[in-house]
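Notes to accompany the following structure.
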Amino acid sequence: MEWGRAKAGAVRGRTMETHFIYMAVSSALFSVGMAGVFLCRHFFKKIIATKIVGAGVFLLLVSIAERDADTFADPVPHAMVITGIVVAVSAAAFALALARRIRIETSRASFEDEEAAE
Amino acid sequence: MSLPAGLLDGLLALLLVILAVRALIAPTLYQCAVAFISFGLTLSLAWARLAAPDVALAEAAIGAGLLGVLLINSLRDFSRGGDDASAIFGKDLPTALFSRTVISCGTLAFAAVLGMAMFHMPEGGGLTALTEASLPHSGVEHPVTAVLLNYRSYDTWLEIGVLVVAMLAIFCAGGFEGFRRPEQGPDSDPVIESLARLLAPLMVMVAGYLLWLGKAYPGGAFQAGVVLAAAGIILQLAGWQIIENLSTWAWKWGLGIGFFFFLALAVSFMPLGLGFFEYPEAWAGPLILVVEVLATLSIGLTLTCFFVYFNGMGASESRRRTR
Amino acid sequence: MTWNEWIPLIIVCSSLVPGIIIFFLHEEAHRTRTILNLAGALLKLVLVGLVYLGFRTGEVYKFQFQIMVDLEFMLRVDALALLFAGLSSALWLVTTIYAIGYFEGSSNRRRFFGFFSVCVTASTGIALSGNLVTFFVFYEFLTLATYPLVVHSGTLKAVEAGRNYLFYTIGGGTVLFIGVVGLTVLAGPIDFSQGAQLSGLLENSAFELKLLFYVMLVGLAVKAAIFPLHGWLPIAMVAPAPVSALLHAVAVVKAGAFGIIRLVYDVYGINLAVELNVLWPLAILGAFTIIYGSVRAIFQDDLKKRLAFSTVSQLSYIALGAAVPGMISSTGAIVHLVHQGLMKITLFFCAGNIAETTGLHKVSELNGIGRRLPLTMGAFTVGALGMIGLPPIAGFVSKWYLSVGALDAGQPWIVAVLLGSSALNAIYFLPIIHAAWFKQPPAEGWRDLRPKRRFEAPWMLLFPPLVTALFSITSGLFAAMSWSPLSLARVIVERVYFLQ
Amino acid sequence: MSALWQADNLPVWLVVWPTFGAIVLFLLPARWRGMTGVSFALANGVLALVTVFFVMEVGVLRQEIGGWAPPLGIALALDGLSALFILMTAVVGGVVSVYAKIYFTQVVVDSARSSLFWPLWLFLWAGLHGLYLANDLFNLYVVIEVIGIAAVALAVLSGKTRAMIAGLRYLIAAVAGSLAYLMGVALLYGSTGVLDIDLMAERLEPGLTTRVAIALMLGGLLVKTAVFPLHFWLPPAHSSAEPPVSAILSALVLKGTFFVILRLWTELFGVSLTFMAGQMVGVLGACAVVWGSFQALRQERLKLVVAHSSVAQIGYLFLLFPLITVPATAVAGGFEWAPLAWSGAVYQVLAHGFAKAAFFLAIGVLVMATGNDHKASMLNMVGRLPMTTFAIGLAGVSLIGLPPSGGFLAKWMLLSAIISSGQWWWVPFVLVGSLMTAGYVFMILRLAFAPSQHEAELKSVPRGLQVCALLLAVGAILIAFPAEWVIDLLEGTSTFGEVVRAGAPVNSGEVGP
Amino acid sequence: MNWIILSLLPLLLLPCVRFCPRSARVTALLCGGATLPALAVALGWNVEVDLYFSDGLLGVSLGLDAPRRMLLLLAGTLWCAGGVAAAGYFREDPRLPGFRGFFLAAMSGNFGLIIAQDAASFYSFFALMTFASYGLVIHTRSKAALRAGRIYLILAIFGELLLIAAIYAGVQLAGSIQLAAISQALWTERGGGWIYGLALAGFGVKVGVIPLYLWLPLAHPVAPAPASAILSGSMLKAGLLGWLHFSPLTHGGAGEWAGVLVILGLAAAFGAVAVGLCQTDPKTNLAYSSISQMGLLTAFFGFGHASGAPIAWILPAIAIFAWHHGVTKGALFLGAGLVPQTRGRTRWILLACLAFAALVLAGAPFTGGAAAKGALKEAGTYLPEAWTGVVGTLLSLSSAGTLLLLGRFWLLCRATPTGSRVRSDLGWQFAALGALLVLALGGSFLLFRRFLPEMALKSGLTGAFSAAWPVGLGLLLLCLGMIYFKRNADRRAPNLPPGDLIVFGEWAARAFGNWWRSRGAGIFTRKKFDPENFVYRLIATGSGRLADEGEAELGRWNRVGVAFFVLLFIFIWGLQ
């Protein structure tokens with residue numbers, strides 16, 4: 001308990017703008033990731049792109065937690081992020097399974113292949 | 001803001017963005033995967049910088065670790081190379097230049113707007129104070145655990161549910177429920193095998209420690225579960241085939257027990273007049289511990305199953321090819 | 001709920017219930033089906049008759065069911081409703097008999113008779129609906145119920161015709177829907193109350209009222225086959241003869257014409273319509289359609305198609321009559337609703353008989369057919385002469401009232417249109433009659449074709465046109481009788497003009 | 001034990017029961033799942049119905065989970081609107097369950113795969129219940145993901161390659177959408193420090209952050225609701241799934257995210273909404289109506305027709321937003337069309353739910369009988385599969401909005417609201433949409449009446465399947481009759497009811513006309 | 001019980017037509033006997049003459065007054081004679097049942113229109129007669145008959161339309177359907193003149209005024225003799241009755257149409273003689289004679305408008321002339337029909353009869369014809385002074401012309417060869433002919449006694465001489481003509497086609513028809529001519545390229561991505 005609090009307190013004491021840096025990163029990751037979801041063709045990359053979008057979102061949440069830290073950082077966004085990571089991984093694993101299955105059955109690796117094939 | 005700290009944050013930020021972009025436009029999938037795993041690890045550092053050790057653990061374990069393994073594992077099937085940047089931006093130079101500019105500008109513009117929104121975000125204040133005030137009644141000492149397993153246990157329960165759903169979904173994707181035993185014997189090399197013999201018990205111990213730690217310190221069911229899963233995956237790679245050798249009954253209960261027990265716990269005090277997910281204050285601590293143990297088991301098993309099933313999909317594919 | 005409240009619903013259901021039962025019957029259950037059909041038809045006719053008797057003594061028949069605020073299902077008996085309900089139920093009976101004879105031995109009869117009954121349900125529902133919403137409900141219901149009938153034969157042509165039919169009618173229905181909703185929004189739920197609800201809005205929302213009138217008019221004009229929205233009608237004649245008969249006489253086109261009458265007299269009220277000055281486009285369109293339909297009919301060699309264009313022309317008499325303010329003209333419009341039905345159904349029955357017995361479809365092949373089918377052609381002649389407007393057949397009376405009414409309203413050009421139409425009718429009908437009776441039959445072909453040693457069409461096909469032809473004559477010959485359609489129309493018009 | 005069943009706990013049971021069922025089914029061996037699954041599903045339906053009637057009696061039900069009050073804990077709320085959605089889910093879900101039972105036991109022989117249906121379906125159902133009950137933004141995210149993953153899993157259940165590809169497309173779009181939503185939630189949490197919708201609505205202030213957050217949430221949810229022009233994932237996914245799954249996806253899953261948009265729009269977004277915002281969403285809906293219908297007209301495969309039709313029908317729902325988002329000045333004279341618009345949209349949800357489910361189930365029967373879902377397989381069906389053709393006909397009637405049907409009532413009320421609000425420019429869209437809907441419905445029906453040249457022998461289809469389809473289709477017609485009741489429920493017990501009755505506009509827009 | 005309804009007995013007999021045996025006696029009984037109630041009613045056997053039948057049509061009222069009674073008498077007589085003659089004429093005709101049907105129908109129409117007192121039933125009966133007569137005209141189905149029928153029908157429909165227009169307008173003006181009320185209103189309300197004009201033209205088709213007479217010379221020759229006798233004798237008079245119903249004469253009003261009537265009438269009276277002389281068929285000849293006679297009547301009718309003469313004089317004069325012409329012309333037509341059936345002595349007896357009838361028609365002294373002309377002349381004395389002489393002169397000249405024309409007719413008859421198949425029983429026909437001749441001779445005088453006692457006296461005494469000289473003149477001209485053509489045997493009499501002007505009409509119609517078939521009709525008869533469904537086809541077959549390509553674009557991830565971001569930007573912009 002002391003560990004977490006001390007750390008949080010220390011962080012709070014030191015930096016006022018840390019969270020701003022990470023918020024900026026968050027917005028960049030979100031945008032790049034979203035662009036990647038739509039623009040990347042390969043299933044593999046699309047899935048990675050969703051993960052990057054997720055990272056952007058989580059980074060914002062954690063930044064907010066850091067911003068709102070008192071004796072310790074706001075635990076609610078942390079909990080949200082942990083939950084979110086699990087959910088995102090589940091979805092990504094499912095997507096990956098689907099992509100592999102498609103690849104195995106049809107040797108397609110992107111939706112455009114599908115369009116070209118049909 | 002001290003200069004070294006600021007410099008570190010700035011470097012991390014830059015690295016994150018570069019790795020993210022790299023992960024998307026690297027010429028080969030392998031490079032993508034590597035960039036992505038690096039990205040995940042870098043992100044863990046960022047979490048740590050943001051005073052979020054729980055998240056850092058979870059991210060390192062799940063986001064980078066497990067998903068990295070899954071990605072690398074999938075590369076077998078996608079070995080014929082991926083698309084590079086030209087797939088996104090177009091092949092011939094003028095088009096590529098143009099679309100590169102447009103896409104970059106668009107993305108930047110959106111990022112700018114989003115960043116502005118964050119910059120102008122009012123101070124909502126968060127729930128830190130409230131959490132702290134309620135912590136004594138939660139049965140645990142670590143606030144994140146308190147939120148996860150008490151205040152917002154409903155979400156957590158659903159989230160464990162998501163894992164079960166994802167398992168089912170992956171079964172759907174694979175087209176069969178359960179795990180296939182590969183026909184040929186395990187093709188592991190002795191180095192990994194001996195390493196696994198060494199690491200696996202250690203990792204189970206680490207998992208148990210993390211779980212126990214979670215009550216008061218960063219750590220907890222998810223992290224512990226992931227470490228457990230890591231142990232399982234290493235054993236699997238070593239050719240142990242634990243899951244395949246479990247009886248259907250066993251792995252199913254293993255997968256479901258966390259969710260099921262959580263649910264049972266949530267309703268079991270309702271006859272006493274308490275609400276859904278409401279525990280008697282005195283019992284909260286032990287009960288949460290039990291939930292965590294079972295959840296750890298389920299999570300670890302589920303994640304291992306993900307991997308095992310992925311492996312099996314490839315195996316079934318190779319079987320088909322040989323036929 | 002008393003008897004008087006239920007009876008309108010029972011009238012409507014008296015064909016719906018047999019229809020639904022028929023769907024569940026076995027395809028081969030011909031006898032049961034026939035009995036059901038005829039029993040339903042008779043029951044409906046008897047009930048309408050009883051209601052008529054009661055209505056004359058001042059009984060009120062009304063069925064209400066609130067669906068939601070501003071949306072009430074209401075069946076009510078008034079004079080106009082009785083007129084149309086009487087027409088529907090009477091013609092349903094004869095058409096049922098005809099259809100039973102017509103489809104003898106053909107397949108898919110269960111489907112046909114099921115939808116046939118549903119179709120008449122919709123028609124009766126239209127007649128008895130007491131407010132605009134209920135009217136609209138049945139109006140759309142009718143579209144649906146008739147579609148399977150139009151495409152019944154299932155040939156490519158029929159299916160194409162069905163598509164066309166739907167294109168027009170659903171489009172019209174949708175436009176009408178907008179009008180209905182708009183009017184309800186403007187003035188609350190609209191009962192058929194001769195414009196009582198709307199006249200208060202004249203000062204503030206004259207433009208909206210005008211607009212909505214035209215919108216609804218367009219919606220109704222599709223079914224009433226007013227130029228340029230009549231395209232479906234000549235194509236839909238690919239349907240089997242009983243369907244065409246019903247379609248052209250009572251069901252679909254009449255629903256449109258009836259709707260126009262309801263719109264002018266009961267929704268807006270004639271006074272309001274005159275004050276808004278919305279009737280002249282209807283008059284002009286109606287007049288143009290009359291001439292246009294007749295001219296097009298002249299050039300059709302297919303008998304049913306010629307009849308179809310004739311319907312286009314004749315229907316607009318009703319619209320035209322409704323568009324001319326004045327009691328006489330209104331009487332003409334309303335009475336033509338019935339008269340046109342009687343005459344046109346006769347003609348289609350006869351066309352069906354000709355096609356069934358001899359396989360002829362073309363006007364140019366009908367030389368001497370009168371000798372082969374004297375009774376059928378007799379009925380046909382009555383219908384055709386009635387269409388031309390010769391006394392004492394029903395059409396004469398309608399034209400009389402329409403023309404005198406037009407003169408009364410100071411619009412003599414309408415008389416010119418009507419007379420021109422009469423002349424054109426003569427041009428496309430008289431050659432048929434002449435050929436049928438006075439020309440020599442061809443040396444070979446249908447003359448030798450006498451299936452089952454029958455001379456005329458079988459009685460089930462023969463009886464209906466004879467009855468309707470007889471009705472066409474009597475309703476003209478005894479037009480002044482107190483039971484005649486004309487008298488009923490007069491009663492309706494008096495109510496419209498004096499009891500506001 | 002009585003406490004277990006007391007009224008306040010009813011909402012909880014709506015989530016607990018199906019998840020319990022799901023996990024039990026997961027644990028059971030595959031061969032037992034069919035019967036158990038349908039029992040759980042039907043019991044779930046009954047439970048939902050009981051709850052709805054209870055809501056009718058007592059009004060809004062609220063429940064704080066874990067005994068922690070909202071800012072810290074999570075609250076559930078069950079009002080009239082939720083109740084109606086739950087009701088529809090119960091009826092449609094119940095019938096689909098029966099259909100699925102018959103379908104998977106008698107038609108699909110691959111029991112390993114089909115047995116996965118039951119736990120997933122119950123999870124999905126639980127997720128939907130959770131969604132209708134949720135009053136917490138992050139909780140919404142989690143249930144949306146439960147629904148999303150379960151839905152995609154069901155969509156790929158058939159194991160066909162086409163379904164897999166469509167499923168992946170669906171999954172990625174869904175994940176991207178929900179992450180956009182989550183981004184918005186994060187921004188809002190940062191601005192207000194709470195996640196509970198009611199509390200957040202009190203604290204939320206307009207500003208750039210709020211604008212961006214709302215835009216992101218809206219954008220993400222629009223992707224998941226497949227609103228034009230973001231509907232690209234829907235037609236392939238819905239058209240390649242197994243019939244009961246297609247029914248569930250189009251009738252229920254789409255409505256889930258619409259429900260979220262509706263709830264957030266009215267309860268949370270109010271501070272930031274402008275006339276323009278309402279109009280923009282309306283334009284998307286109107287375009288969806290026209291474009292979806294047009295596409296449906298052009299499809300060669302029946303399932304694609306129906307899938308595109310979903311795009312169009314969902315578009316109608318979005319016409320609600322411009323109608324309830326009007327500047328305060330315009331409302332001063334009275335806001336009487338708001339209840340109409342509300343009820344219209346809700347009726348459209350109900351009617352489309354029933355009709356579309358019936359449609360998919362009927363087409364499932366057709367596919368079983370003929371082996372494919374090409375338009376031509378409809379040829380001469382009226383004689384060969386009369387019940388199914390009839391079901392298609394009735395469902396079509398409701399989709400077109402012909403009286404007397406739920407669809408008619410929906411269009412009636414929407415159109416009334418449109419006209420009385422003076423936003424006449426939506427009228428042509430409704431009109432054209434209806435026309436084109438009629439076009440594709442009758443395109444199917446007319447084939448049913450046409451004789452076919454070479455008729456393949458039909459495979460026999462269990463009668464129960466046909467009955468299920470017909471039941472839902474009849475339901476789509478019959479829901480027209482208890483309209484008064486539905487509207488009472490909506491207005492009487494809904495938290496929206498207050499909005500509606502008070503005549504308060506949901507914004508204070510300056511950008512109005 | 002009101003017996004006037006019995007006049008409509010033929011209508012009731014109509015259904016029997018199909019089932020009656022084909023013998024001549026039955027024909028006589030059916031066709032001739034059916035007229036008896038009407039004759040009885042006309043002769044005053046029935047006292048009560050007004051019948052109101054409120055349920056029929058728009059309210060039927062029937063009744064008789066003096067002119068009607070006389071026309072009914074004429075009609076009854078002629079139809080009776082025609083029926084009897086038909087018994088012999090159609091002995092072996094296969095189309096006998098049809099003939100009987102049309103005969104009875106036309107007969108009942110004729111009777112009915114005379115006794116009708118309301119416009120609706122008047123028009124009904126009028127139309128019945130008109131259209132039933134079509135069947136009589138085309139009875140032989142020969143090419144000429146069909147042509148005549150077609151032209152008859154076209155003109156008849158034209159007339160009917162004008163007539164019904166006049167009736168509509170009259171009814172509207174009067175607010176009543178009673179003919180008396182209409183004619184009253186016509187001359188008291190504004191706008192009556194035009195209505196009268198319509199009526200004049202409408203009935204003019206029947207009366208045979210220029211230019212509506214065209215059907216007459218075609219239809220009369222082709223119709224069977226009994227039918228032509230009736231057509232000419234009775235139907236033409238029905239038109240006259242119509243004129244009277246609408247005319248201002250009964251109400252003392254002055255018509256704008258007087259001049260037109262007089263000019264057209266006189267043109268017909270003399271022009272028809274000229275054209276008739278150039279015909280080669282005796283029956284055509286007679287038809288032109290009818291046109292001429294009716295022209296005379298028309299002119300006189302026109303004079304009546306201008307004169308302001310008391311109706312009590314003009315009306316009986318017209319009635320008597322009509323009677324006289326009807327009966328005599330009937331006899332002539334019957335005789336003309338008999339000519340090809342006779343030979344030898346019978347032929348000579350017949351020719352004698354015809355010569356006698358011709359003299360009567362021309363108004364030879366001491367015949368009914370002289371009486372009729374006298375009546376006209378007498379009525380003419382009430383005209384303005386200047387006109388009295390003109391009328392007298394014109395009448396005399398007309399008599400001369402008539403005789404000339406009928407002389408030619410007689411000559412033509414004499415030259416007619418006997419038909420190949422001579423019918424044996426001429427009895428029925430001769431009986432009818434004889435009866436008509438007797439009535440032609442004496443009937444007029446009787447009528448004078450019955451209707452115009454004082455006038456009869458006057459004209460009977462003074463008319464003898466004034467009637468004689470025109471006849472003489474006519475005979476003289478006839479002889480001169482005969483002599484001229486005998487001298488110049490190589491010169492043929494000028495030969496005009498029957499129906500004169502109709503030839504131009506037909507030529508124009510043919511030309512138009514050719515043009516139409518080659519050009520105009522192309523639009524209408526082409527298969528693809530389908531203006532109804534222009535919009536439908538436009539939409540139904542409209543290009544789906546937009547749809548397909550658009551949907552393909554919207555299915556691409558990168559396009560959706562752009563849309564997604566654009567939407568986000570728009571939302572951010574649109575929110576506040």
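The sequence lines fix the lettering, A, B, ..., with proteins before strands; numbering per chain opens at 1.
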| Taking side chain as C-beta onward, heavy atoms only, is D:Tyr189 less than 4.5 Å from B:Leu127? | yes

| query | Which bit of B:Leu263 is near chain D, if near means a heavy-atom gap under 4.5 Å: side chain, backbone, both or neither? | reply | side chain

| Could you state the interatomic distance from CH2 (B:Trp253) to CZ (D:Phe26), rounded to the nearest 0.5 Å? | 10.5 Å

| said: Using side-chain contact (heavy atoms from CB on, under 4.5 Å), reason through D:Leu195 and B:Arg152 one step at a time and then give a plain yes or no. | reply: CA-CA 11 Å; D:Leu195 286 167; B:Arg152 300 184 67 88; 3.5 Å; yes

| message | If I measure from the heavy atoms of chain B, does D:Leu171 come under 4.5 Å with its side chain, its backbone, both, or neither? | response | neither

| message | Below 4.5 Å, heavy-atom pairs only: which of D:Gly159, D:Ala150, D:Pro71 has the largest tally toward chain B? | response | D:Pro71

| Is the shortest heavy-atom distance from the side chain of B:Leu255 to the side chain of D:Leu27 under 4.5 Å? | no

| field | From CD (D:Glu64) to CD (B:Glu278), nearest 0.5 Å | value | 9.5 Å

| task | Kindly compute the distance separating CG (D:Leu116) from CE (B:Met167), expressed to the nearest 0.5 Å. | result | 10.0 Å

| query | Quick one: what part of D:Tyr141 sits under 4.5 Å from any heavy atom of chain B, side chain, backbone, both or neither? | reply | neither

| What part of B:Thr128 is in contact with chain D, defined as an atom under 4.5 angstrom from a non-hydrogen atom: side chain, backbone, both or neither? | neither

| request: Report the C-alpha distance between D:Ile149 and B:Leu168 in whole Å, list the side-chain angles of each, state the deciding distance to 0.1 Å, and finish with yes or no for side-chain contact (heavy atoms from CB on, under 4.5 Å). | output: CA-CA 10 Å; D:Ile149 296 176; B:Leu168 287 166; over 6 Å; no

| request: Describe, in one word, how the ring planes of D:Trp68 and B:Tyr151 are oriented to each other, choosing from parallel (under 30°), tilted (30 to 60°) and perpendicular (over 60°). | output: perpendicular

| request: Starting at CE of B:Met121, measure out to OG1 of D:Thr192 and round the result to the nearest 0.5 Å. | output: 10.0 Å

| task | May I have the step-by-step check of side-chain contact (heavy atoms from CB on, under 4.5 Å) for D:Thr209 and B:Met118, ending in yes or no? | result | CA-CA 6 Å; D:Thr209 312; B:Met118 293 170 183; over 6 Å; no

| task | Counting only heavy atoms closer than 4.5 Å, note whether D:Leu28 contacts chain B via side chain, backbone, both or neither. | result | backbone

| Checking B:Phe276 against chain D: side chain, backbone, both or neither under 4.5 Å from a heavy atom? | both

| request: Measure across D:Val156 and B:Ala173 and return the closest heavy-atom pair with its distance rounded to 0.1 Å. | output: CG2-N, 4.4 Å

| said: With a 4.5 Å cut-off on side-chain heavy atoms, are D:Trp13 and B:Met270 touching? | reply: yes

| field | Residue D:Leu216 versus chain B: region with a heavy atom under 4.5 Å | value | side chain

| query | Which residue out of D:Gly193, D:Gly127, D:Gly73 racks up the most heavy-atom pairs below 4.5 Å with chain B? | reply | D:Gly193

| message | For D:Ser191, which atoms come within 4.5 Å of any heavy atom of chain B: side chain, backbone, both, or neither? | response | both

| D:Val24/B:Phe260 under side-chain contact (heavy atoms from CB on, under 4.5 Å): CA gap, chis, key distance, verdict | CA-CA 9 Å; D:Val24 165; B:Phe260 192 77; 4.3 Å; yes

| said: Any non-hydrogen side-chain atom of B:Leu158 less than 4.5 Å from a side-chain atom of D:Asn139? | reply: yes

| request: Below 4.5 Å from any heavy atom of chain D, which atoms of B:Trp249 appear? Answer side chain, backbone, both or neither. | output: neither

| note | With chain B, the option among D:Ile65, D:Leu120, D:Leu154 that has the most non-hydrogen atom pairs under 4.5 Å is D:Ile65

| message | So for D:Phe117, is it side chain, backbone, both, or neither that comes closer than 4.5 Å to the heavy atoms of chain B? | response | neither

| Options D:Ile23, D:Leu72, D:Val142, D:Val152, ranked by heavy-atom pairs under 4.5 Å with chain B, top entry | D:Leu72

| task | Report yes if the side chains of B:Val267 and D:Phe20 come closer than 4.5 Å at any heavy-atom pair, otherwise no. | result | no

| query | Under a 4.5 Å cut-off applied to non-hydrogen side-chain atoms, are B:Phe119 and D:Leu208 in contact? | reply | no

| field | Validation row: B:Phe277, D:Val12 side chains within 4.5 angstrom (heavy atoms) | value | no

| query | How far apart are the C-alpha atoms of B:Phe259 and D:Phe123, what are their side-chain angles, what is the distance that settles it, and do they pass the ring pair (Phe, Tyr, Trp, His ring centres under 6.0 Å) test? | reply | CA-CA 12 Å; B:Phe259 185 72; D:Phe123 263 123; 5.7 Å; yes

| With chain D, which of B:Thr131, B:Asn150, B:Val113 has the greatest number of heavy-atom pairs at distances under 4.5 Å? | B:Asn150

